[in-house]
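Worksheet: one structure, shown below.
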Amino acid sequence: MIYHQLALNVPLYPLLTYAYPTTLPAGTRVAVRFRNRLVAAIVWESDIQPEIDLSKIRPIENILSDGWQLPADWRALLSFTARYYHYPLGQAVMAALPKGLRQPKAVPLPKQEHIYSLNALGRIQPAPPARYHKQNALWQRLLAAPATLHQLKTIHTQASQYLKQWQQQNWIEASHIPACGSIPTSLHQLNQQQQQASAEVQTKCGQFAPFLLYGITGSGKTEVYFDIMANIMQQGKQVLFLLPEINLTPQLMQRVRQRFPHTVTTVLHSQTAAGQRTTNYLQAALGQAALVIGTRLAIFTPMPNLGLIVVDEEHDYSFKQESELRYQARDLAVWRARQAACPVVLGSATPSLESWYKTRHGDYQLLQLSERAHSNAQLPQIHLLDIRRLPLDNGISDIIKQKLQTNVARGGLSMVYLNRRGFAPALFCDACGHTFGCPNCSAKLVLHQHAGQLRCHHCDFHQPIPPSCPECGNQDLTAVGQGTQRIEEYLQHLLPSARILRVDRDSTAHRQDWSEIYHTIMRKEVDVLVGTQMLAKGHDFPHLNLVVVLNADNSLYSADFRAPERLFAELMQVSGRAGRADCTGEVWVQTRQPEHKVYQALAAQNYVTFATAELAERQELGMPPFSYMAAIRADAHTMHEAQQLLRQVQQGIEQQHALPANVNVFGPVPMLMARLAGYERAQVFLESKNRRDLHHSISLWQNWLLHLEKSNPHTRWLIDVDPLEM
DNA sequence: AGCACGCCGACT
DNA sequence: GTCGGCGTGCTC
Ligand SMILES: [Zn+2]
Ligand SMILES: [Zn+2]
């Protein structure tokens, strides 16, 4: 018997040993019995010396992927990912596979699509008589240009039958459809900066080279990506294009299809149906698709000819998975580019301070687009409106009211942005001061007027709006603050003739809603948009010329050291919506702290100044990117239990004096959101300037946690490397 | 994580 | 006497 190390979906750090009569190559998908259930597994290593009792080792039941293995570079990526994020390798491997490949069932490989063309003999044949009009149409189509079965089926569903006939006559030939296909020249003429950026990346083709493409909103980053992608794909290489889910819109896909009409493109995101995702994954893995577009999970797609990775909106937090395997796809993209020896382009109008810092140190090469791509498009004018002494009506000052009225009157499109859905963020008792909190979370319940409910935005708790205060019985309950619903209602009252549309998670609950909303806006059937982040990202409305930002100050009070960076990026993004194409835009930001660095940098529309100042502050405090961090978290029904496990580990390590001197430990402290979905959450931060020592310390903590978890059975724990949550 | 095993309270 | 509550421990 030959023994193999297998990756299975079990929460154990070591791999499991199974036997097979012959040596199976690493990367083979197999089915095995685990606890007497048939599950899928991936061969990680063959011909090993078992470290456990031979009697416990069971046989591999059968081999699932005949003739295809998960490639060595993919396995190296997962080994690295599991090690770096301190996550069980078996579970990491399974998280990187689409559902179809996690099942103990064989999956047929996608057949490479054929393209059919009439050969010389075929071309001199008479066309089928016109009375057989479907047959004739097929023939005419093939006469005009080669076509795929898929295309021919749109002419006649029985196309394959006739193709077979004609193939037997030796009139047509079938050939594999090329992954890349011909790429037509772009309709967009790149400006000088764009050309230069594209050229810089292309000179590094075939070698590891990380770039940060810093381009202001509207500077045409996408055209630059497309230009580089076209070049790389024409060399027969594959391109991986990552972007936040919210930006993966039908409009974006439309642009891709227009620019690369003959390129086999595959889309991978969490909304793709499971079966389709497996097919797409395999298409990329077999090199049949030249272009892979997807959200963070697409970083794990095997690509045999990877020639370029693009990460658009690289500052976006959605690249970090905040559960289970807590990977940062942007960072893994850089790792993969190094492994594949290819360029990687991270793009943003407000780069993450981590990436910006790396350009300062020459780790990443900086590419800048400082002009709007369309020379007639102006930057918006951003105004800060100090509301400390101004009367507000539903959170809106007179000046803003007038701005909105004027813009509606002259037929412009306005947007009122606030990052709070619902009617009001809190309900308050005037008599005793009682507020309604979520019983499961440390958060206030949000008033949803239309639904007649108080809802928690962090868990699924909800209750009917109470008629009176449960503390004192008072019936005068006041809705405090503004949510999008309330603003929508108020604006309808203020601007009775205006067509107002609210866009937030509540108004776009169904998949279709967004595209309907989008088209309504594009048909200019809306005067005022009210919405949250959804509205700020991913969609351009060329005729939008007034943006109003309400209640942004809330984020300034956060204890999270990344809050200013986040707010700045968010406000720059919202502001960038105003005045694209050929109309000048105006942005008005209501604030009580106009002197704050975030607002000052925003008004000046100066990312560089902001980043420089913010980095200086981070350096002073020894925060990332000037140090590396990891969070060890524990949760339990009581904060005491959660902190107890962490304290026990801390004491154990202290007694052994095992912690490297250059690793600092903070905590245990409650998380900023201390209670979530019924669990009290505590954490310890490990911080060091030395990555090796940090990781050594994490492993130390991990081993102690594995040892002490038995005596704390009600406490769960996890490790978050390079954490974003605080 | 599941899923068995096992040891005590409240049912027929 | 048994049914089932979940605390404990293992998984190749
Ligand atoms: Zn009260
Ligand atoms: Zn809650």
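We use all heavy atoms of the structure for the numbers below, so side chains are in, but hydrogens, waters and symmetry mates are not.
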As a test of understanding, state which of A:Tyr87, A:Phe300, A:Phe80 forms a ring-ring contact (aromatic ring centres under 6.0 Å, His included) with A:Tyr327.
A:Phe300

A:Lys444, A:Arg420, A:His448 screened by side chain to side chain donor-acceptor pair (under 3.5 Å) with A:His457, the one that passes:
A:His448

Cation-aromatic face contact A:Arg618/A:Phe626, 6.0 Å, 45 degrees
no

Starting at atom NE2 of A:His637, determine the distance to atom P of C:dG7, rounded to an integer number of angstrom.
10 Å

Would you classify A:Tyr18 as touching base, sugar-phosphate or nothing, given that sugar-phosphate means primed atoms plus P, OP1 and OP2, and contacts are heavy atoms under 4.0 Å?
sugar-phosphate

Find the distance A:Leu38:CG to C:dC12:P and express it as a whole number of Å.
13 Å

Among residues at least two apart in sequence or on other chains, which ones pass salt bridge (charged side-chain N to carboxylate O under 4.0 Å, His left out) with A:Glu314?
A:Arg330

Output the single nucleotide from B:dC3, C:dT11, C:dC12 whose closest atom is nearest the side chain of A:Leu16.
C:dC12

Nucleotide nearest A:Ile57 (side chain, heavy atoms from C-beta), chosen from B:dA1, C:dT11, C:dC12
C:dC12

With side chains defined as the heavy atoms from C-beta onward, is the minimum distance between A:Asn280 and A:Thr278 less than 4.5 Å?
no

Would you kindly give the CD-to-P distance between A:Glu641 and C:dG7, to the nearest whole Å?
12 Å

For DNA chain C, the residues among residues 709-718 of chain A that have a non-hydrogen atom under 4.0 Å from it
A:Pro713, A:His714

Length of the CZ-C1' vector between A:Phe34 and B:dA1, whole Å:
9 Å

Who pairs with A:Glu709 by side chain to side chain donor-acceptor pair (under 3.5 Å), at least two apart in sequence or on another chain?
A:Trp717

Steps toward side-chain contact (heavy atoms from CB on, under 4.5 Å) verdict (A:Gln5, A:Thr17)
CA-CA 5 Å; A:Gln5 291 283 70; A:Thr17 310; 3.0 Å; yes

What nucleotide, of C:dT11, B:dC3, C:dC12, holds the atom closest to the side chain of A:Lys56?
C:dT11

Quick one: A:Leu706 CG to C:dG9 C1', roughly how many Å, whole number?
14 Å

Side chain to side chain donor-acceptor pair (under 3.5 Å) partners of A:Ser711, counting only residues at least two apart
none

Rounded distance (Å) that lies between atom P of C:dC10 and atom CD1 of A:Ile52
14 Å

Can you tell me how far C1' of C:dT11 sits from CG of A:Asp53, to the nearest Å?
14 Å

Rounded to the nearest angstrom, tell me the gap between atom CG in A:Leu6 and atom P in C:dC12.
11 Å

Set of salt bridge (charged side-chain N to carboxylate O under 4.0 Å, His left out) partners for A:Arg566, sequence neighbours left out
A:Asp560

Identify the pairs formed between an N or O of the protein and an N or O of nucleotides 4-9 of chain B at a distance under 3.5 Å, and give each distance.
none

